[in-house]
Amino acid sequence: MASMPAEAEPNGNQHDGGPQPDDKEKSQGDINEAANVAQSSGVSSQKSKETDEKVEKQEEDHAKGKKQQKDDKQPDGGYDSTPIPYAPPGYTVRITFHKAENLPMADINSFSSDPFVVATLSTGLPTRHKEDPPLIWRTPTVRRNVDPEWQQDWIVANIPAAGFRLKCRLYDEDPADHDDRLGNVVITVPSVSEQWEGIRHQQYKIKKRMGSKRAYLMRAIAVCLKTAHDMSGYLYLSVEVLGRTETDEGGRAYTVGPMWWTKHFSPLLGRIAGRKEPGEDNESNHTCKSKKAERYNFQANQFQFQGPVPPELYHRYVEFKSFVKGMFTSSGIQGYLLSKALHHQHASVYNFDRTTEYGQFEGPSKETTLKFLDLVHYDQGGRIFTYVLTLDSLFRFTETGKEFGIDFLSKHTMHSDVSAYIAYSGEFFIRRLKHKNRPPPEEGGHNKSHPANEISNGPPNDDAPNDPGYYEIVIDNDSGTYRPNGALLPKLKEFLQQNLPGLKVVTLDCQKDAELEAKMKKEQREAKEKEGDHIIYRQMSRGSSISSSDLDELDEAEREQREHRGVLGQAKHEITMVGKSRQAHWKTVVQGKGGDVEAGAATGGVQKEGAAAADHESRTHDITKADDSNR
């Protein structure tokens, strides 16, 4: 067993090590101490002098950036030129989430849990702004298991010599209600170096204080019935230093890998947005007396790129209205309601359930590019996507269009999960080229692209070719929420080329290239109308089908939303739906209809086809009920 730092003792007896009031002084002291150690280790006086000059320049640029923001007469927000505070290069660290044991039982019906871990990593490095988000990592969900195994790695670069603090929150996934907290583990590592032995498959006791009382009550009952042997749960972790981070600046920590992706499905949002599986014709169904149930779906995607994001990509929300600041800071009644509604929308769109698909890659490759093209369905159907790139290289995107604005207060704010600062945002679409070895037509190449031109050997009549060289991503900065600086599009292009090798990247400034952008998006929409929807959505849930009796009621609900809801009305509706959904969920649990096991199965029980079914059915009923009460 490797030796452990004093603050990271086994069985969870570690200090919290949270930020103290003198963190700035401590961080500066860490920087000075690291510089002194480097100098005493034989670094030349000339290099030490260059380091001092770099620190002074960073401090000067930081002060200029603050002054520029203060003197700016435009609405606060948009591009922020504040540089990253300088620090010596840190260390690249691999954190491994091995497994957990003896977790509490959050599911009453199965006496089990669907556990996952959300880890938050913080360091003593000073940030550009106090609202900069911490580094966060989520493991996949392990189904119906109180002794889950993940074996999931998280590689983070630029961990300072002063160490880090890792807080692991364990949850039970529950799409029909809210995720139940199963407990916490906090690990504080006071120092890191290449000589540090690390942490090897260490056991940490899970703190029950923040866990679900109901889940631990069920665990206690299981212990009394001798179906379980211990009330305490444990999390097993490893931490290993891989070496110095290869960079000149260590002012920020960032995720290196792996490059994971997730695909999320939402049948109810699919119905509202009009996204349904092929083979269903709206007109014919509405003219028939006996309507056939339709299968609707809405897809949201996340792709963790390899960091770091270029330091110049740093944008804050724009305070174009008086209520916007309150929305991002949850200040005041109006701001609190709007913020709560947007957080709920984000959780609904990026909802984890049994249908969520996971995957990962070690680093950028042809396979990562092909997976990205698969998530956007190549060049099928003339789709346009809304995206947000976070400060830690997480790329979130969904299809956009006028039909997708029915139930969203703000698309980019929803995608960012109401984050004050992001790297970049806008819209993009994919086109297939006739000649893969020629530049795209937008860059002067003698080439043709689909949409806009009929090209053989691909959609809509043939399968898409599995070669990234045949495709281009056309990406812009069309976002009123953050108003990204168009002059930084080349930085975004370089970043995407590094993470999606083989894919051609074309950038459009929504102001300077407004005419060309409007023309190309019009061609996308025309292709969408002409080619229709050729996606085969997969939804392994009874709730993915909406019965014919629900169609007219949902249509009426949509009309009510368009005609009567303002911004505050929409926020109030979102919060009301959360409460009603939870109430409906617990009613089904009490009545025995919301169980995860169906009685009478020959094999001892049949798994419910999707936890999202109860959520979908209760929400569909609640929308109708709410609109009936309004009328």
Side-chain angles (χ1 to χ4, degrees), residues 12 94-120 136-154 166-185 187 201-208 210-212 214-216 218-219 222 227-238 258-265 302 304 347 350-361 538 540-541 594-597 603-615:
R94 177 167 57 205
I95 303 168
T96 303
F97 304 91
H98 293 293
K99 63 179 182 177
E101 290 181 349
N102 301 326
L103 293 181
M105 304 163 182
D107 191 338
I108 297 176
N109 300 282
S110 64
F111 262 60
S112 187
S113 291
D114 297 327
F116 64 93
V117 178
V118 175
T120 303
I136 297 177
W137 186 264
R138 186 195 193 277
T139 69
T141 303
V142 177
R143 302 293 169 190
R144 301 186 65 179
N145 201 325
V146 294
D147 300 306
E149 288 195 21
W150 295 286
Q151 303 300 338
Q152 185 86 7
D153 290 337
W154 181 21
L166 182 69
K167 185 170 185 178
C168 304
R169 298 177 176 90
L170 288 89
Y171 291 92
D172 167 67
E173 184 181 286
D174 190 355
D177 190 10
H178 66 280
D179 296 334
D180 295 315
R181 180 83 67 87
L182 302 180
N184 298 340
V185 168
I187 303 171
H201 209 279
Q202 185 60 56
Q203 179 190 81
Y204 293 92
K205 188 175 181 179
I206 298 172
K207 296 180 179 179
K208 306 182 186 71
M210 298 301 295
S212 167
R214 173 174 55 85
Y216 277 99
M218 292 175 62
R219 183 78 192 181
T227 58
H229 305 288
D230 196 342
M231 275 294 296
S232 298
Y234 300 91
L235 179 66
Y236 292 80
L237 297 174
S238 293
M259 296 177 64
W260 57 266
W261 58 269
T262 57
K263 186 192 295 187
H264 309 259
F265 299 100
Q302 298 186 100
Q304 175 66 55
Y350 292 98
N351 183 44
F352 285 84
D353 58 25
R354 295 179 183 274
T355 67
T356 304
E357 298 180 12
Y358 303 85
Q360 69 178 41
F361 302 92
R538 288 190 294 168
M540 298 171 290
S541 169
D596 208 30
V597 177
T603 60
V606 178
Q607 285 191 5
K608 185 176 177 182
E609 293 178 5
D615 183 41

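Index from 1, following the sequence. Worth saying up front: this structure is predicted, and the values here are computed from it rather than measured.
- Note: I187 CD1 to I95 CD1 = 8.0 Å, rounded to the nearest 0.5 Å.
- Contact of the N184 side chain with the K167 side chain is registered, since non-hydrogen atoms from C-beta on lie closer than 4.5 Å.
- The side chain to side chain donor-acceptor pair (under 3.5 Å) check on N145 picks up nothing, with sequence neighbours excluded.
- Using a 30° and 60° split on the angle between ring planes, W154 and W137 fall in the parallel class, below 30°.
- Counting all heavy atoms, side chain and backbone alike, T96 lies closest to D153 at OG1-OD1, 2.7 Å.
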Between N102 and I206, is a side-chain contact (heavy atoms from CB on, under 4.5 Å) present by the stated rule, with each step listed?
-> CA-CA 10 Å; N102 301 326; I206 298 172; over 6 Å; no
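- If you run ring-ring contact (aromatic ring centres under 6.0 Å, His included) between F116 and each of Y171, F352, Y358, only Y171 comes through.
- Residues Q360 and M259 fail the side-chain proximity criterion, which asks for heavy atoms closer than 4.5 Å.
- For R138, the salt bridge (Lys or Arg N to Asp or Glu O under 4.0 Å) test picks out E173, with sequence neighbours left out.
- The side chain to side chain donor-acceptor pair (under 3.5 Å) with Y236 is formed by just one residue from the set Q202, E101, H201; it is E101.
- For the pair C168 and V118, the minimum side-chain heavy-atom distance is 4.5 Å or more.
- Taken to the nearest 0.5 Å, the CD1 atom of I136 stands 4.5 Å off from the OG1 atom of T120.
- For E149, the side chain to side chain contact (heavy atoms under 4.5 Å, CB included) criterion is met by K99, Q151, not counting sequence neighbours.
- Atom CZ of F265 and atom OG1 of T356 lie 8.0 Å apart (nearest 0.5 Å).
- The minimum heavy-atom distance linking P104 with V146 is given by the pair O-CG1, 4.1 Å.
- A search for ring-ring contact (aromatic ring centres under 6.0 Å, His included) contacts involving Y350 returns H264, H346, H415, not counting sequence neighbours.
- Atom-to-atom distance recorded for S113:OG and M105:CE is 8.0 Å, nearest 0.5 angstrom.
- In this structure, the side chain to side chain donor-acceptor pair (under 3.5 Å) partners of W150, at least two apart in sequence or on a different chain, are T139.
- Taking every heavy atom of both residues into account, R144 and S112 meet most closely at C-OG, 3.0 Å.
- Counting heavy atoms from C-beta on, the side chains of P115 and L170 never come closer than 4.5 Å.
- Atoms CZ and OG, from F97 and S238 in turn, are 10.5 Å apart once rounded to the nearest 0.5 Å.
- In plain terms, the two heavy atoms of D172 and D114 that are nearest each other are OD1-N, 2.6 Å.
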